[in-house]
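Report on the following structure.
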Amino acid sequence: MDTKDRKYNFRQIEQKWRDNWEKAPINTDKTRPKFYCLDMFPYPSGSGLHVGHWRSYVISDVLARYKLLQGHYVIHPMGFDAFGLPAENYAIQNNVHPEAAVKESAKLFKRQLEDICAMYDWDMELSTTDPSFYKWTQWIFVQMFKKGLAYEKEMPLNWCPACKVVLANEEAAGGECERCGAPPEKKNLRQWMLKITEYGERLLVDLDKLKWPEKVKKMQADWIGKSYGAKIDFEIDGRDDNITVFTTRPDTLFGATFMVLAPEHALVKELTTSENLASVEKYIQDAGALSNVDRMAKKDKTGVFTGAYAINPLSGEKLEVWISDYVLADYGTGAIMCVPGHDERDFEFAKKFGLPILEVISLDGELHELEEAYTGDGVMVNSGEFNGLPAVDGKEAVAGHLAKLGIGEKTVNYKLRDWVFSRQRYWGEPIPLIHCDACGIVPVPEADLPVTLPHVDSYQPTDTGESPLALIDDWVNTTCPTCCKAAKRETNTMPQWAGSSWYFLRYVDVNNDAELISKEAMEKFLPVDYYVGGIEHAVLHLLYARFYTKFLYDIGVVNFEEPFTQLFNQGMVNRFGMKMAKSKGNGVSPDGLIDKYGRDALRLYILFLGPPELDVDWNDNGIEGVFRFLNKLWRLVAENVGKTVATTPELEQARHKMIHDISTRMENLTLNTVVSGFMEHTNKLTDMARSGGIDADTLRDMIILLAPYAPHIAAELWETCGYTTSVFDATWPTYDKEKMAESTITIVVQMNGKLRENIQMAAEATKEEVLAAAKASVAARLEGTIIVKEIFVPGKLVNFVVK
RNA sequence: GCCCAAGUGGCGGAAUUGGUAGACGCACAGGACUUAAAAUCCUGCGCCCCUUAAAGGCGUGCCGGUUCGAUUCCGGCCUUGGGCACCA
């Protein structure tokens with residue numbers, strides 16, 4: 001140590017241990033029980049890492065190293081999600097080929113990731129753009145195709161005019177392109193879809209198994225959107241076909257006074273009478289031109305009457321059939337029964353167009369003039385034989401009655417739609433299908449995978465809805481694998497989510513060319529135990545990855561149905577009121593801080609900023625305090641090594657308390673309080689060392705506890721203390737509750753709940769002794785009062801209730 | 001509109017099961033060491049009353065409740081952030 005400025009030489013120490021660990025890696029014993037601690041892998045951009053990126057990587061690394069010290073073999077890999085629009089857009093902006101840009105960026109990222117000093121196993125490194133990886137991304141698609149889960153469909157889709165690409169529903173949530181924020185347009189396109197809806201129920205039910213933040217589970221459950229109700233057939237007046245509706249309120253069926261179909265509904269053209277045809281056609285045309293955002297933003301309900309009538313199956317009333325864009329074509333049956341008395345939207349529509357409003361649910365059983373839709377509880381009225389029945393029971397009763405009549409049945413509905421899986425961009429995995437005039441659509445044989453992405457100079461996206469790959473004749477033209485005649489390749493590519501939906505399976509068997517993953521590796525190392533990343537993927541990546549895993553389970557590739565047992569979402573790092581990002585000019589580079597305070601100090605400071613799950617505002621000021629702490633701790637060891645004293649009961653008590661505090665806070669992942677705990681205990685131990693000396697056991701355990709957080713200084717101090725094996729080969733110390741108990745405890749004395757005195761008592765003092773001492777301490781105050789009640793909380797406090 | 005978080009000193013934040021509110025750190029002020037500075041060490045640091053001290057009072061967004069005792073539990077509100085949003 002340089003005694004002149006009493007600061008430890010972090011530059012020299014950190015370099016020394018970085019070199020050492022490169023030569024002799026830690027965490028190599030694969031015979032230990034595994035713990036798979038995964039970071040959401042980044043897409044490599046050319047702008048590099050800022051301290052916001054560090055946050056999640058430090059959190060997961062602390063956890064990984066903690067598990068290592070607890071005796072696990074820790075799988076802690078890192079890779080690059082390099083296909084997709086972010087990488088392609090970056091390349092276009094900088095006028096380089098995506099392949100070159102990705103290579104360059106990955107190199108920069110890797111160097112910056114190494115600065116964090118996370119114990120990534122770079123032997124497992126993967127990139128989604130590597131043909132040996134996307135061979136299996138394509139293989140999974142082929143399996144889905146063979147199982148009928150991938151299908152082609154022409155339908156109106158969300159098209160982002162800025163990104164020049166279609167969006168999945170998940171990517172267009174909230175009426176904004178998930179990537180660029182532009183409002184998507186509607187465009188009729190032929191696209192490849194994945195039947196994620198077939199897994200909707202399992203994706204919903206299995207959420208219960210997961211140790212995930214409730215918020216994320218709820219977002220997924222809401223996205224899947226299961227609702228219980230009934231399908232009901234309404235006879236069309238004068239025709240022998242029906243309009244089928246889905247409703248969650250069969251109990252209000254008597255109150256259905258009109259019907260509305262989505263403009264796109266198949267029956268609309270057939271039903272419309274000749275005198276209404278012109279207005280209906282105009283309405284359909286106008287509705288079709290509206291984007292989803294405009295459609296949602298409309299303040300007023302609009303609609304037109306078709307001229308047709310349906311019959312309410314219970315009341316027998318004739319109901320006008322209207323069309324309106326407030327009914328969605330792709331949810332339920334695309335048609336609804338309208339109960340204006342008990343549905344706000346139907347009420348608004350009925351008011352505007354003068355349609356009848358009937359009360360059929362009443363809270364008090366009486367009849368009222370409805371000023372607005374009543375959506376609460378009550379009993380059925382105006383409902384014939386069902387009158388007087390509570391609405392909650394009415395749902396079952398009416399649905400059962402309709403089922404007996406053969407015109408309805410109980411059913412469930414989901415908001416989840418199939419996944420639009422093809423993209424009109426160059427930089428993605430080619431979809432491995434071949435279009436043959438004779439054989440139809442044929443998957444590329446597995447032996448011919450991967451279908452490699454051809455290297456071209458012109459990869460700019462087009463407005464046509466076609467991929468740039470369509471322009472490459474010698475790639476598009478091929479032969480049919482079945483009949484050997486001339487055929488054409490599918491030119492769409494996969495979305496950026498394809499690789500990330502399964503990458504976590506591949507790390508542990510990254511070089512396997514014969515299968516996606518060997519059974520042995522799968523059974524030994526999977527699934528992921530702990531997954532750390534941002535909340536922005538709550539319904540995108542995390543839903544897709546669950547879907548893929550369930551599919552791979554079904555075809556026997558993996559033996560588990562959920563990929564990520566536990567999930568942690570770290571909060572964002574903000575600066576100037578917004579998320580830190582290079583593009584916004586508010587990014588803080590770690591480089592200067594590393595140079596001034598070192599990697600260990602920066603790791604600790606990022607944790608110290610605030611609770612890991614909450615957003616924090618960045619400021620540079622506090623890192624000074626963390627740096628002072630590291631120096632203090634350095635001096636504590638340096639000044640006492642070689643002259644440690646024999647363990648005393650006080651030292652043993654302090655040591656067990658320290659292990660307890662750090663361990664429980666680590667387990668709870670309240671990592672900001674772990675750092676303050678280190679400071680607290682270091683301060684205490686420094687005082688104890690000065691007054692009576694410190695023992696070797698305490699120093700040893702303190703260094704082990706610190707190792708996950710500040711690995712370099714811990715390794716150096718460990719060596720200073722004379723240990724010859726790595727600190728990461730040590731075992732996480734355990735504590736004994738009895739040994740951490742203090743011999744003297746502070747008892748709080750209250751009167752009427754207000755603090756009056758603190759008294760020191762021996763830990764083993766009896767209730768009577770404590771009460772007597774407490775009474776004595778407040779004797780003067782008790783004069784002239786009557787003690788009504790004595791509250792005694794063992795080891796904590798005494799409260800006298802007096803009059 | 002619906003749902004979910006959060007609200008504590010000048011600042012970031014802490015408080016295990018309802019039991020001393022403000023740990024730890026930053027900033028600030030005073031002191032020691034030093035020719036001086038840096039570094040380090042010591043002391044103080046919620047607000048009010050008071051020359052000071054003692055004693056007292058108030059205090060965890062607001063109003064109320066339960067309790068011997070509430071940052072913690074319950075009811076009602078306010079503010080901020082996030083999610084969903086014509087899903088019948």
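A note on names: the letters A, B, ... follow the listed sequences, proteins ahead of strands, and every chain is numbered from 1.
Taken together, the paired segments of RNA chain B that extend over three or more consecutive Watson-Crick or G-U pairs, each closer than 3.5 Å at both contacts, are B:1-7 with B:78-84, B:10-12 with B:24-26, B:28-32 with B:40-44, B:46-48 with B:56-58, B:61-65 with B:73-77.
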TODO: Apply the test ring-ring contact (aromatic ring centres under 6.0 Å, His included) to residues A:Phe10 and A:Phe627: give CA-CA distance (whole Å), side-chain angles for both, the deciding distance (0.1 Å), then the verdict.
DONE: CA-CA 10 Å; A:Phe10 60 85; A:Phe627 184 60; 5.8 Å; yes

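Between the side chain of A:His342 and the main chain of A:Ile361, a donor-acceptor pair closer than 3.5 Å is present. Side chain of A:Asp222 to backbone of A:Gly225: no donor-acceptor contact under 3.5 angstrom is found. Counting only distance, with no hydrogens or angles, the side chain of A:Arg417 and the backbone of A:Lys415 share a donor-acceptor pair below 3.5 Å. Remark: the backbone N or O of A:Glu757 is not paired with any side-chain donor or acceptor of A:Ser777 at under 3.5 angstrom.
Side-chain proximity of A:Thr746 to the nucleotides B:U20, B:A88, B:G83 is greatest for B:U20. Minimum atom distance to the side chain of A:Met679 is reached by B:G25, of the listed B:G25, B:A85, B:A88. Here B:G25 is the nucleotide among B:A88, B:G25, B:C68 with the atom lying nearest to any side-chain atom of A:Asn683. For A:Ile336, counting side-chain heavy atoms from C-beta on, the closest listed nucleotide (B:G56, B:A88, B:U20) is B:A88. Which of B:C68, B:A88, B:C86 sits closest to the side chain of A:Asp343 comes down to B:A88. The listed nucleotides are B:C41, B:A88, B:U20; the one nearest the side chain of A:Val327 is B:A88. Of the listed nucleotides (B:C84, B:A23, B:C41), B:C84 has the atom at the smallest distance from the side chain of A:Ala173.
In this structure, a donor-acceptor pair under 3.5 Å is present between the side chains of A:Thr746 and A:Gln760. Under the 3.5 Å distance criterion, with hydrogens and angles disregarded, no donor-acceptor pair is assigned to the side chains of A:Thr673 and A:Ser676. Under 3.5 Å, the side chains of A:Asn413 and A:Ser227 contain no donor-acceptor pair of N or O atoms.
Summary of the strand contacts: A:Glu348 and A:Val801 both lie near RNA chain B, and taking for each the nucleotide with the nearest heavy atom, the more 5' one is attributed to A:Val801.
Summarising the geometry, the separation between CG on A:Asn758 and C1' on B:A21 is reported as 14 Å, rounded to the nearest angstrom. At whole-Å resolution of the value, CG in A:Leu540 and P in B:G83 are 12 Å apart. Protein atom CZ of A:Phe627 is 13 Å distant from nucleotide atom C1' of B:A38, rounded to whole Å. Atom CD in A:Glu344 sits roughly 17 Å away from atom P in B:A85 (whole-Å rounding). Atom CZ in A:Arg635 sits about 5 Å away from atom P in B:C41, given to the nearest Å. In this structure, A:Leu797 atom CG and B:A70 atom C1' are separated by 14 Å, rounded to whole Å. Counting to the nearest Å, the C1' atom of B:A88 and the CZ atom of A:Arg249 are 11 Å from each other. As rounded to whole Å, 13 Å separates atom C1' of B:G69 from atom NZ of A:Lys796.
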TODO: Spell out protein contact along nucleotides 3-16 of chain B as letters: B when the base is contacted, S when just the sugar-phosphate is, - when no protein heavy atom is under 4.0 Å; keep the 5' to 3' order.
DONE: S--------BSS--

Open item on the list: What does the B/S/- profile of nucleotides 43-50 of chain B look like, 5' to 3', with a 4.0 Å heavy-atom cutoff to protein?
Closed with: --------

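For the C1' atoms, the distance from B:U43 to B:A37 is 22 Å, rounded to whole Å. Using atom P as the reference point in both B:C48 and B:G10, the two lie 10 Å apart (nearest Å). Straight-line distance between the P atoms of B:G12 and B:G7: roughly 12 Å, to the nearest whole Å. Of the C1' atoms belonging to B:A21 and B:C47, the separation is 14 Å, rounded to the nearest Å. B:C73 and B:U20 have their P atoms separated by 16 Å, with the value rounded to a whole Å. For B:A70 and B:G57, the P atoms lie 15 Å apart once the distance is rounded to whole Å. Nucleotides B:U8 and B:U60 place their P atoms 11 Å apart, quoted to the nearest Å. Comparing B:G9 with B:C3, their C1' atoms sit 33 Å apart, to the nearest whole Å.
At a threshold of 4.0 Å, the pair A:Arg249-A:Asp343 does not count as salt-bridged, since none of the basic side-chain nitrogens sits closer than that to a carboxylate oxygen.
Between A:Arg628 and the phosphate of B:C26, there is a side-chain N or O to OP1/OP2 separation shorter than 4.0 Å. Contact annotation: A:Tyr326 side-chain N/O to B:A88 OP1/OP2 distance is not under 4.0 Å. Taking only side-chain nitrogens and oxygens, A:Lys754 comes nearer than 4.0 Å to OP1 or OP2 of B:C58.
Aromatic rings from A:Trp634 and A:Phe629 are positioned such that their centres are separated by 6.0 Å or more. The aromatic ring centres of A:Tyr735 and A:His656 sit 6.0 Å or more apart. Under the 6.0 Å cut-off for aromatic ring centres, A:Trp322 and A:Phe353 qualify, their centroids lying closer than that. A ring-centre distance under 6.0 Å is not found for A:Phe568 and A:Trp212. For A:Tyr331 and A:Tyr414, the gap between ring centers reaches or exceeds 6.0 Å.
Judged by distance alone with a 3.5 Å cut-off, a donor-acceptor contact links the side chain of A:Gln750 to the base of B:G19. Donor-acceptor pairing under 3.5 Å, judged by distance alone, is present between the side chain of A:Asn799 and the base of B:C68.
For B:G57, the O4'-C1' to base torsion is more than 90° from 0; the nucleotide is therefore anti.
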